[in-house]
Amino acid sequence: MNLEQKIYKKLLEVPKGQITTYGELAKAVGLKNGQRAVGKIMNKNPHPVIIPCHRVVMSTGKIGGYAYGKHVKAKMLSDEGIEIKDGKILDWEDRVYRF
DNA sequence: CGGCTGGCGTCGT
DNA sequence: TACGACGCCAGCC
């Protein structure tokens with residue numbers, strides 16, 4: 001199974017209403033510092049809707065980027081009950097899903 | 001808080 | 001096949 005497949009699978013483990021970081025996700029698939037690699041994969045996401053890549057945020061608490069626009073990402077997140085303030089997630093540390 | 005550098009896989013020459 | 005550029009970062013200064 002290639003890397004992206006593993007990433008997608010791991011990401012599917014994140015329940016609705018919770019989030020994870022690129023770094024955590026990267027480590028979850030065996031990468032120590034592959035956050036950026038993960039970002040690349042997400043960007044090349046072949047399954048836009050099936051893969052909840054909007055539940056992945058930066059370790060700083062910001063929502064990070066999104067292939068279809070960060071505003072869309074923020075929208076989806078708030079739609080799942082996650083509040084966003086100026087691109088940052090409120091109490092995101094309490095919503096992070098630990099693998 | 002803004003800017004610079006490090007590190008990793010994928011994609012396009 | 002090999003090399004350099006790039007991306008939805010992270011961390012230090």
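Proteins come first, then strands; the chains are lettered A, B, ... in the order of their sequence lines, and each starts at number 1. Since the model is a prediction, treat every value here as computed from it, not as a measurement.
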Nucleic acid contacts of [range], taken as heavy-atom distances under 4.0 Å to DNA chain C:
| range | result |
| --- | --- |
| residues 66-95 of chain A | A:Tyr66, A:Ala67, A:Lys73 |
| residues 22-33 of chain A | A:Tyr22, A:Gly23 |
| residues 52-63 of chain A | A:Cys53, A:Met58, A:Ser59 |

Euclidean distance, atom [atom1] of residue [X] to atom [atom2] of [N] [Å, nearest integer]:
| X | N | atom1 | atom2 | value |
| --- | --- | --- | --- | --- |
| A:Lys44 | B:dC11 | NZ | P | 7 Å |
| A:Ile41 | B:dG7 | CD1 | C1' | 15 Å |
| A:Glu4 | B:dG9 | CD | C1' | 10 Å |
| A:Tyr8 | B:dG9 | OH | C1' | 12 Å |
| A:Lys40 | C:dC9 | NZ | C1' | 14 Å |

Salt bridge (Lys or Arg N to Asp or Glu O under 4.0 Å): which pairs involve residues 84-98 of chain A, sequence neighbours left out? none
Not counting sequence neighbours, list each pair that qualifies as a salt bridge (Lys or Arg N to Asp or Glu O under 4.0 Å) and has a residue in residues 23-42 of chain A. A:Glu24-A:Lys27
Is it the case that B:dG6 (base atoms only) and A:Arg36 (side chain only) share a donor and an acceptor within less than 3.5 Å, ignoring hydrogens and angles? yes
Got a minute to check which stems DNA chain B is part of, using Watson-Crick or G-U wobble pairs under 3.5 Å, three or more consecutive? B:2-6 with C:9-13, B:8-13 with C:2-7
For A:Ser59, which residues count as a side chain to side chain contact (heavy atoms under 4.5 Å, CB included) partner, sequence neighbours excluded? none
Tell me every residue that passes side chain to side chain contact (heavy atoms under 4.5 Å, CB included) with A:Lys6, counting only those two or more places apart in sequence or in another chain. A:Met1, A:Leu3, A:Val29
For a quick test of your reading: what N or O donor-acceptor pairs under 3.5 Å do the side chains of residues 64-84 of chain A make, sequence neighbours left out?
{"from": "A:Lys73", "atom 1": "NZ", "to": "A:Tyr22", "atom 2": "OH", "distance (Å)": "3.2"}
{"from": "A:Lys73", "atom 1": "NZ", "to": "A:Val56", "atom 2": "O", "distance (Å)": "2.7"}
{"from": "A:Lys73", "atom 1": "NZ", "to": "A:Ile63", "atom 2": "O", "distance (Å)": "2.5"}
{"from": "A:Lys73", "atom 1": "NZ", "to": "A:Gly65", "atom 2": "O", "distance (Å)": "3.1"}
{"from": "A:Ser78", "atom 1": "OG", "to": "A:Ala74", "atom 2": "O", "distance (Å)": "3.2"}
{"from": "A:Ser78", "atom 1": "OG", "to": "A:Lys75", "atom 2": "O", "distance (Å)": "2.7"}
{"from": "A:Glu80", "atom 1": "OE1", "to": "A:Gly17", "atom 2": "N", "distance (Å)": "3.4"}
{"from": "A:Glu80", "atom 1": "OE1", "to": "A:Arg55", "atom 2": "NE", "distance (Å)": "3.0"}
{"from": "A:Glu80", "atom 1": "OE2", "to": "A:His54", "atom 2": "NE2", "distance (Å)": "3.0"}
{"from": "A:Glu80", "atom 1": "OE2", "to": "A:Arg55", "atom 2": "NE", "distance (Å)": "3.4"}
{"from": "A:Glu80", "atom 1": "OE2", "to": "A:Arg55", "atom 2": "NH2", "distance (Å)": "3.1"}

Pairs touching residues 77-97 of chain A that satisfy ring pair (Phe, Tyr, Trp, His ring centres under 6.0 Å), sequence neighbours left out: A:Tyr97-A:Phe99
Between the NZ atom in A:Lys9 and the CG atom in A:Leu11, the distance rounded to the nearest 0.5 Å is 13.5 Å
Using 0.5 Å steps for rounding, measure from the CE atom of A:Met42 to the CG atom of A:Leu25. 6.0 Å
In the single-linkage hydrophobic clustering (I, L, V, M, F, W, Y; side-chain heavy atoms under 4.5 Å), do A:Val38 and A:Val96 co-cluster? no
Quick check for you: among C:dG7, B:dT10, C:dA10, whose closest atom lies nearest to any side-chain atom of A:Gln35? C:dA10
Mind checking A:Gly65 for me? I need base, sugar-phosphate or nothing, with any heavy atom below 4.0 Å counting as a touch. base
Tell me which of A:Thr21 and A:Ala37 sits closer to the 5' end of DNA chain C, going by the nucleotide each one is nearest to. A:Ala37
